[in-house]
Amino acid sequence: MSSESGSVLVRSPKTHVVLLPSAGMGHLTPFLRLAALLAQNHHCQLTLITTHPTVSLAESSLISRFLSAFPQVTQIDFHLLPLDPTTVNSNDPFWLRFEAIRRSAHLLSPLLSSLSPPPSALVYDVSLISPVLTAIEALGFRLPAYIFFTSSARMLALFAYYHVVATTTALQFVDDVLEIPRINPAIPISSIPPLLLIPNSLFANIFIEDGPKLPHFNGVLINSFQGIETEAVEGKVVGALPPLFAVGPLVPCEFEKIDDQGEQLLKWLDDQAQGSVVYVSFGSRTALSRDQITEVGDGLVKCGFRFLWVVKEKLVDREEQEGSLEIMEKTKGKGLVVKHWVDQGEILSHKAVGGFLSHCGWNSVVEAAWHGVRILAWPQHGDQKINAEVVERSGLGIWAKTWAWTGDDPAVVVNGEEIAAKIKELMQSEMLRVKAMKIGQEAKRVASVGGCREKILKGLVQEWSKNRMDA
Ligand SMILES: O=c1ccn([C@@H]2O[C@H](COP(=O)(O)OP(=O)(O)O[C@H]3O[C@H](CO)[C@@H](O)[C@H](O)[C@H]3O)[C@@H](O)[C@H]2O)c(=O)[nH]1
């Protein structure tokens, strides 16, 4: 697995940075990758605030592995107040947790005040903007605050601009697209996260409340890089934003490795020809319906390529039932189907993997780009169609645009024949293979010692070091 190794870049031993991630692996993972870079390469003193309890087992396991790898990092448990789910307009466990953190945010003021030395900066998750800002304003000292945006720069543009066109009762569009200044092409309505089109959904309300607050921050950090999104690097994301820091690509680190990947899985990959396998995964929090699982199985068998498929039936890993699925029997001999957490970084770095059928969670996109693996985009919900647009425009992959959102509606099913045809198109395209490889090379260049990412992080740490209370 290609992990990033540390190198000595900057000495700023007393720059104390506090990191506050939010719920779900899609938010926690890039945060911890950023933390690893700050601790390892930039020698910051770090405090990591972790919310308890976590939604998934994967989150608590990743936090433990991170803290074992970085014993110098101070961890603070942030115990959440109980949340009455009937007071929240959602039943998604991850959204409920975002809301629980938001409603507990006032408890952060005493916690931040007690830190020694006083922090030079706070970097916190995009899902917590307004309530944590209030907690910071209640501190007896000035704490520079930065937002970490865990999705694409294109999605950041939507996040920053949505409140301009939306009210809680109506969303206005012209000609089926949302024109955002400086964002080209405009975002089609069909790509807008469905929850943003529902007045008063929790998601829409957070966008409306938090988007206008972005100018209050010292900066926005984003896990993106040149080669996949020029918006990220050129800061071409709506006018009234604070400075944008493209700290990507944030890619798999040593501490993420798991011991129980399963020898069977790696041995199976070792036995496959170079670039011959399509890897299938829809991230950490998307479950497919039984009918859709059957059709994906059918498509994989019909596509004629070997496959490694991580099946999820439940949103939250602790609810997943042990045991094999019928589909595992049906597909035997054609590919490998697993139902447990895998080390995706290790899989994408394997020479046998030539393509990735992905929901386009932003971390999966960045990881595929890093390893130069082409993507067949199948967005399921949320920001994923906007990320799929980035995948298509950058040349990293293709997108079956006619496939409807399936993540939120079990009645919508894409059939196996269509899935097989698109996988063939992906795997047989030499042009896509080469383009993905080039994007991978560009990602490595950006993340190399002396590269853009290092310069941006170095500048940030220098900025933070000026805020040191003891300086
Ligand atoms: O078995 C697994 C499953 C997932 N992963 C990792 O888990 C992360 C998943 O993140 P992502 O690919 O972004 O997908 P989601 O888990 O769906 O992430 C949520 O958060 C993202 C970042 O905000 C959004 O882009 C997504 O739409 C949202 O669903 C990635 O690092 C994967 O490598 C594994 O290592 N093993």
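The figures here come from the full heavy-atom set of this structure, side chains too, leaving out hydrogens, waters and symmetry mates. Numbering of ligands and ligand atoms starts at 1, following listing order.
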Counting distance only, does the side-chain N/O of [X] pair as donor-acceptor with the main-chain N or O of [Y] below 3.5 Å?
X	Y	value
Gln380	Trp378	yes
Arg97	Pro53	yes
Arg374	Met427	yes
Ser68	Ser64	yes

Looking only at distance, does [X] have an N or O less than 3.5 Å from an N or O of ligand 1?
X	result
Trp362	yes
His340	no
Val342	yes
Ser151	no
Asp383	yes

Please list the nearest protein heavy atom to [atom] with its residue and the distance rounded to 0.1 Å.
atom	result
atom 3 (C) of ligand 1	Trp341 CZ3, 3.3 Å
atom 23 (O) of ligand 1	Thr150 OG1, 2.9 Å
atom 15 (P) of ligand 1	His359 NE2, 3.6 Å
atom 33 (O) of ligand 1	Glu367 OE1, 2.6 Å

> Does some non-hydrogen atom of Arg33 fall short of 4.0 Å from ligand 1?
Replying inline: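 Yes.
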Short list, please: which atoms of ligand 1 are under 4.0 Å from a heavy atom of [X]?
X	result
His27	20 (O), 23 (O)
Asn387	25 (O)
Gln344	32 (C), 33 (O), 34 (C), 35 (O)
Gln384	26 (C), 27 (O), 29 (O)
Ser284	15 (P), 16 (O)

> Salt bridge or not for Glu389 and Lys385, using N-O below 4.0 Å?
Replying inline: no
> Going by an N to O cut-off under 4.0 Å, is there a salt bridge joining Arg393 and Glu229?
Replying inline: no
>> Using heavy-atom distances only, which candidate in Gly361, Ser364, Gly26 approaches atom 20 (O) of ligand 1 most closely?
In response: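 Among Gly361, Ser364, Gly26, the closest heavy atom to atom 20 (O) of ligand 1 comes from Gly26.
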> Heavy-atom distance to atom 10 (O) of ligand 1: which of Thr29, Asp125, Asn363 wins?
Replying inline: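 Considering heavy atoms of Thr29, Asp125, Asn363, the nearest to atom 10 (O) of ligand 1 sits in Asn363.
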What about the rings of [X] and [Y], do their centers lie closer together than 6.0 Å?
X	Y	value
Phe217	Tyr146	no
Tyr279	His350	no
Phe31	Phe148	yes

> Around atom NZ of Lys339, are there more than 12 heavy atoms of other residues, nucleotides or ligands at under 6.0 Å?
Replying inline: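 Counting neighbours around NZ of Lys339, more than 12 heavy atoms of other residues, nucleotides or ligands fall under 6.0 Å, so yes.
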> Is ligand 1 under 4.0 Å from a heavy atom in the side chain of Glu256, in the backbone, in both, or in neither?
Replying inline: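 For Glu256, no heavy atom sits under 4.0 Å from ligand 1.
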>> Check the orientation of Phe70 and Phe66. Use parallel for under 30°, tilted for 30 to 60°, and perpendicular for over 60°.
In response: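 The rings of Phe70 and Phe66 sit tilted, inter-plane angle from 30° to 60°.
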